[in-house]
Amino acid sequence: MKQHARVEQSHPLFRQVYDYMVNRIVREEWKVHDKLPSIRVLAEELQVHRLTVFKAYRELASSGRVYVKDKSGYYVSPAGMLREERVDQEADAAAVPVYSLTNPMSDIQRMPVQYQFSQALIDPGLLPNLFLSDYVKKVFDLYPKVMGTYSSVQGDEELRGVLSLHYQKHFKLQLSPAELLITSGAQQAINLIAGLVLGPMDHVMVERPTYSVALDIFRRAGARLLPVTITPEGYDLEAVEELMRTYRPRMFYINPTHHNPTGYTVPARQRKLLVELAERYRCLLVEDDPFRDIYFGEAPPAPFFAYDTEGWVIYISSFSKYVAPGLRICAVACRHPFMERLITAKSMADNGSPLLNQKIFLHYYTSPRLQQHLGKLRIALQVHKEIMEEELAGSGWEWSAPEGGLNLWIKLPESVSAAALFERSMGHSISFVPGELCDPLGEMTSWLRLSYSFASENVLREGMRKLMQLAREL
């Protein structure tokens with residue numbers, strides 16, 4: 001159970017503990033004159049040596065953030081509540097956290113290839129581009145000054161009103177426009193939330209496997225990852241509760257509907273129970289839901305947010321995958337007062353998403369044409385999935401047929417090395433995502449993610465045959 005991904009920082013471990021404690025003091029989890037945990041207790045909690053914690057306490061005391069009572073312990077000083085400011089940055093450079101900034105997924109997707117199986121995006125040929133251009137013209141007629149002004153930081157009020165009504169009608173979510181924030185894609189939303197919630201040494205629960213970019217964001221925040229295996233049946237809730245009780249994680253990042261990369265959907269019966277666990281252990285659930293409308297049979301269960309009554313779920317609903325990827329529209333739903341903090345973070349990031357994009361999306365999203373498009377898109381993507389599965393038949397590769405989403409999550413036979421296959425494939429202009437990038441422990445070296453959504457049908461079939469031939473040669 002005690003599995004952690006590495007905290008990728010270059011400064012000493014005692015400084016990580018120091019930063020963790022400062023962060024908790026500034027967040028007022030430990031208030032002025034509160035007694036702090038003993039060295040032994042904190043060392044056990046953070047799974048570090050007692051001398052490491054002792055050095056961190058000594059640094060806190062010398063900086064005036066804590067004071068010592070003889071034979072009693074350490075306490076928060078009034079000065080401890082102040083945020084840290086570095087006056088001489090050059091002299092203090094060794095003490096400033098430096099995080100390795102990596103995004104292997106982006107590195108793979110930036111490589112030009114003929115057979116693109118690494119991008120979980122939809123073939124542009126499947127999008128109603130001509131109809132979308134009509135709505136662009138309509139927006140300029142309705143809002144002739146749209147290019148001459150900013151959106152509000154929280155997002156266009158008209159768009160937030162329409163989305164709140166849509167969520168109420170289709171998902172039974174009780175949401176007001178004031179509880180929605182428009183961001184430039186889901187990745188920005190995850191980044192903003194992580195910046196508000198996570199600090200050095202904090203625990204964050206993540207699915208195993210999961211969206212690799214989210215892992216990179218959490219690692220950059222200095223957080224420690226607690227993996228939770230996801231299966232076709234959902235999660236082991238007893239194991240989830242043990243992690244919450246033992247580590248008191250700040251948040252649990254989940255992608256429970258047509259999950260990336262596995263395609264699994266967490267059943268409705270588990271959703272309410274997990275929200276109850278989150279409330280009990282005060283663990284924020286961050287629900288990332290970009291594939292809800294991409295289903296091949298029955299519509300998926302209601303979001304986790306539908307069961308939330310205490311404000312412990314943040315719902316990220318991205319439309320970039322299947323409406324108009326170039327618009328980068330995402331809606332984040334959460335309760336107050338967290339929404340105020342999120343708006344402030346958004347203002348510091350870009351002062352609001354482009355108004356033109358929001359207005360174009362608003363009028364297209366509310367059109368009958370979108371619903372017709374979605375129905376046809378589901379059929380087309382199911383055909384793509386079936387083509388990929390047909391080409392995989394008889395290969396000895398293992399996968400669970402997803403009920404929605406854009407990917408197949410595949411286990412290779414022991415005779416095939418995923419690393420060798422990846423290197424060989426890239427040499428033949430074929431890309432996919434090695435499974436270890438999606439694993440918080442970096443150990444799923446026999447797995448890979450193949451996206452069936454981006455390549456056209458002919459290119460998909462041709463590329464899969466080439467990939468199968470490369471695997472046989474290995």
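All values below were derived from every heavy atom in this structure, side-chain atoms included, with hydrogens, water molecules and symmetry-related copies excluded.
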Item to check | Distance in Å, Cys334 SG paired with Ile193 CD1, rounded so as to fall on 0.5 Å steps | outcome: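 Between atom SG of Cys334 and atom CD1 of Ile193 there are 7.5 Å.
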Checklist entry - How many angstroms lie between atom OG1 of Thr229 and atom CG of Asp236, to the nearest 0.5 angstrom? => result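 Between Thr229 OG1 and Asp236 CG, I get 8.5 Å after rounding to 0.5 Å.
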Assess, by modelled atom type and distance only, whether the side chains of [X] and [Y] contain a donor and an acceptor separated by less than 3.5 Å.
X	Y	value
Thr445	Glu436	no
Ser164	Ser176	no
Ser151	Lys359	no
His428	Ser425	no
Ser118	Gln116	yes
His336	Glu179	no
Tyr281	Glu241	yes
Glu403	Tyr264	no
Tyr20	Glu45	yes

Item to check | Ring-face cation of Arg292 near Phe171 (centre distance under 6.0 Å, axis angle within 45°) | outcome: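 Ring-cation test returns yes.
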Checklist entry - Is it true that Glu390 and Arg461 have a side-chain N and a carboxylate O under 4.0 angstrom from each other? => result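 Counted as a salt bridge, because a side-chain N and a carboxylate O are separated by less than 4.0 Å.
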Please tell me whether [X] and [Y] form a close aromatic pair, meaning their ring centres lie under 6.0 Å apart.
X	Y	result
Phe454	Tyr115	no
His166	Tyr365	yes
His258	Phe291	no
Phe432	Phe422	yes
Trp409	Trp447	yes

Checklist entry - In a check of side chain to side chain contact (heavy atoms under 4.5 Å, CB included) between Trp312 and each of Glu276, Arg335, Arg282, Met251, which one passes? => result Arg282
Checklist entry - Does atom CD of Glu157 have more than 12 heavy-atom neighbours from other groups under 6.0 Å away? => result no
Checklist entry - Should we count CZ of Arg269 as having more than 12 external heavy atoms under 6.0 Å? => result no
Checklist entry - Residues two or more places apart in sequence or in another chain: which of them pass salt bridge (Lys or Arg N to Asp or Glu O under 4.0 Å) with Asp123? => result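 None.
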Item to check | Sole candidate of Phe218, Phe304, Tyr211 that passes ring pair (Phe, Tyr, Trp, His ring centres under 6.0 Å) when paired with Tyr253 | outcome: Phe218
Item to check | Positive for salt bridge (charged side-chain N to carboxylate O under 4.0 Å, His left out) with Asp202, one of Arg24, Arg224, Arg27 | outcome: Arg27
